[in-house]
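Working notes, beginning with the structure itself.
Quick note on labels: first sequence line is chain A, next is B, and so on, each numbered from 1.
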Amino acid sequence: MKIDTIFVSKSALNFPLTKEILKGREYKISNLEEIRALLREKRIKRERTLFISTFPGNFIKDCPCTPGYVSCGYKNINFAYNCPLNCSYCILQEYLTYPVLTLFVNLDKLKDELIEYRKHHKHIRIGTGELTDSLIWEKLYPFSRWFISLFEDFEDIIFEFKTKTDYIENFPILKNNKNILVSFSINPPELKKEELHSPIPKKRMKAMKELSEIGYGIGIHFDPIIHYKSWKEDYEDLIKELFKHIPPKKIGWISLGSLRFTKELRWEIKKNHPQSELLKGELIEGFDKKYRYPYFLRVELYSQIIKYLKKYGSTDLPLYFCMESEEMWKELLDLEPTTHIINEYLYEKAKRSIERKP
Amino acid sequence: MILKELSISEIKECDNRVSSLFTSEEFKESIIKYGVINPVKVIEKDNKFLLFSGFKRFDIAKNTLNTIPAIVYPDIIPFCKRLITNIKENIAERKLTLFEKINILKKIKEKNCNSEEFSFLNFLFNDEKLEKIVNYNFPEIFYTYFAKNEFDKKGAFILTFFNSDELSYLSSVFEKIHLTKSEKYILSDLFLRAKEKGKNIKTILTTSKDTGKKELFKELKKIVFPLTSELNKRTNYLNKKIRGGKLITSPYFEKPTIKLEVEFRNFSELKKRLKNILNSIEELNGNWYED
């Protein structure tokens, strides 16, 4: 992550975390309006500008899923916004009101929030990778250590880092926690042009291997699954390679989600990624008004990938869909598509994967 | 400059065309009857004549005449000046269409013309300065200043993704077929998606230029949604074969199940219809796809 300019809001200035991050770095005190104006005038670059601020509301949120499709009951901690990896399909291009890389430093209140949240919820699966990549901040500050240490006090909660990087140098050997899962999003190397700034899948697999050997559970996200000419062969190769690096018993969960995006994102893809081939696919309008592949094509994609997972991994992998219809769950997975059943199932599977020795 | 009678085959088109490819029947008849009275304008370059004004006259003459009167200019007129001449001739004769207006703006922007020289066009944009329109956020201005009466916002925005050449072709289609605002949006979107798939827009228009609205939509859907169109074809086939009921599918087959609709006034009619349905399924003999 290369940062050219750092802005700090007045509210964030006195937090110890702010002071820690700003050590030896130049910064300016500013606010969102001024940053937006500078962006409009092209005086700063979106992916090279950091805004350190405080988050006004609760950090813990339900994962929003999408209307009309089945939710898995996941929760998010949005401690940061945006991502410099700049993948062509990424929703962050149009989703957020914060236009630059943004970090919220009032994380001290998160512990109290978790204590309160735990009183009313069971089988909590929570992570930091919805509105940012969980690990892109590691070169700025070792957030991984910070979160791992926080969740030592919440053994009953499964905490997930979700990433497309291999930035695992700050991860300690896991001794006390039996609740940390590190998940990696992977796609065939042939799709490199859609995720230009992420390390190649093999590097991510190497990171998975190292983490699984020092106590972490591993999550895999095949998301977005992209349909293109040689997809069958490429996904088969990818999955074959994956299980050379990671034993199936260390896998906490595997999500499958085919390419989908909002109408607004289509314009961002055209503008920001003219080399992208995503829009060449047969994309229809789903019930949630998002573009996605037709149902019968998604069935083909998923069933083929599930076949490869069973062939090269195990027949007992904890699979689930992200933003899929009830019909799809019934057609391809042996799991009742009800939010609390899915959530409990994945929770138990993840817990066991972390506890198992590699 | 010299006035000459040039052979049609000697003339090639310059890239400063702003007009659509559509020509009215009256204009066509008049040229067939009287020939081209107002000469077209060309520049002479390497023993070739490049047309820069009079594109519609040339379109008709290409198919009906062997020669055309032309004023020949030496090859010293810059692109932006040729564009001005072309635009002035067009606005003197008729009202410009939406596509022609956007084409002009695109060309001024793409070729870095001095927008002050085009200030005679300010009246086209509610007297807003052309310089401002060209230099500000282009798609937004495009909608705000002149597309909103003819196009809905989404459709107007889509048009900004086509190049000038494609806009000329699209313009022909839109002039020829009467479309509502929402149809204009859907059609522009389908054209853009065909373009995203790497399809040459002009080819689509060539193959469907003589057909109506319905055929054009169908043609585009086949390109944009090949798999879904195939399923639609199958459903239509089945609906023709199944007597007494109708198969209803969800949009784009997003729900995998199919509904069967049967209308009846009483139970004996229902029984008859269900029997017919079962018989026709029997006759299909497991062949759900084709004849």
>> Is it the case that atom NZ in B:Lys218 sees more than 12 heavy atoms from other parts of the structure closer than 6.0 Å?
In response: no
>> Quick check on A:His340: does its NE2 atom have over 12 non-hydrogen neighbours (other residues, nucleotides or ligands) under 6.0 Å away?
In response: no
> Do you know which two heavy atoms are closest between B:Phe225 and A:Leu283, and how far apart they sit?
Replying inline: CE2-O, 3.3 Å
>> Looking at A:Tyr295, I'd like to know if the NZ or CZ of B:Lys255 sits under 6.0 Å from its six-membered ring centre while staying within 45 degrees of the ring's axis.
In response: no
> If you count the non-hydrogen atoms of other residues, nucleotides and ligands that lie under 6.0 Å from NZ in B:Lys246, is the total more than 12?
Replying inline: no
> Side chains of A:Glu285 and B:Glu254: does their closest heavy-atom pair fall under 4.5 Å?
Replying inline: no
> Is the NZ atom of A:Lys192 crowded by more than 12 outside heavy atoms at less than 6.0 Å?
Replying inline: yes
> Where does A:Glu277 contact chain B at under 4.5 Å (heavy atoms): side chain, backbone, both or neither?
Replying inline: neither
> Does B:Glu263 CD have over 12 foreign heavy atoms under 6.0 Å away?
Replying inline: no
> Does B:Lys197 reach the side chain of A:Leu279, with side-chain heavy atoms less than 4.5 Å apart?
Replying inline: no
>> Would B:Tyr252 and A:Arg292 count as a side-chain contact (heavy atoms from CB on, under 4.5 Å) here? Give the steps.
In response: CA-CA 11 Å; B:Tyr252 303 106; A:Arg292 51 178 71 226; over 6 Å; no
> Under 4.5 Å between any side-chain heavy atoms of B:Phe161 and A:Lys271, yes or no?
Replying inline: no
>> Would you compute the distance between atom CD1 of B:Ile158 and atom CZ of A:Arg266 and round it to the nearest 0.5 angstrom?
In response: 6.0 Å
>> At a heavy-atom distance under 4.5 Å, which candidate from B:Pro251, B:Ala194, B:Pro226, B:Gly198 has the highest pair count against chain A?
In response: B:Pro226
> So, do B:Thr228 and A:Glu282 sit near enough that their side-chain heavy atoms are less than 4.5 Å apart?
Replying inline: yes
>> Shorter than 4.5 Å, heavy atoms on both sides: which option in A:Glu326, A:Met328, A:Lys270 has the most such pairs with chain B?
In response: A:Lys270
> Is it the case that more than 12 heavy atoms not belonging to A:Asp334 sit under 6.0 Å from its CG atom?
Replying inline: no
> Measuring heavy-atom distances to chain B, does A:Leu278 have an atom under 4.5 Å in its side chain, in its backbone, in both, or in neither?
Replying inline: neither
>> How about CD on B:Glu282, more than 12 heavy atoms from neighbouring residues, nucleotides or ligands closer than 6.0 Å, or not?
In response: no
> Going by distance alone, is a donor N or O of one side chain under 3.5 Å from an acceptor N or O of the other, for A:Glu327 and B:Thr257?
Replying inline: no
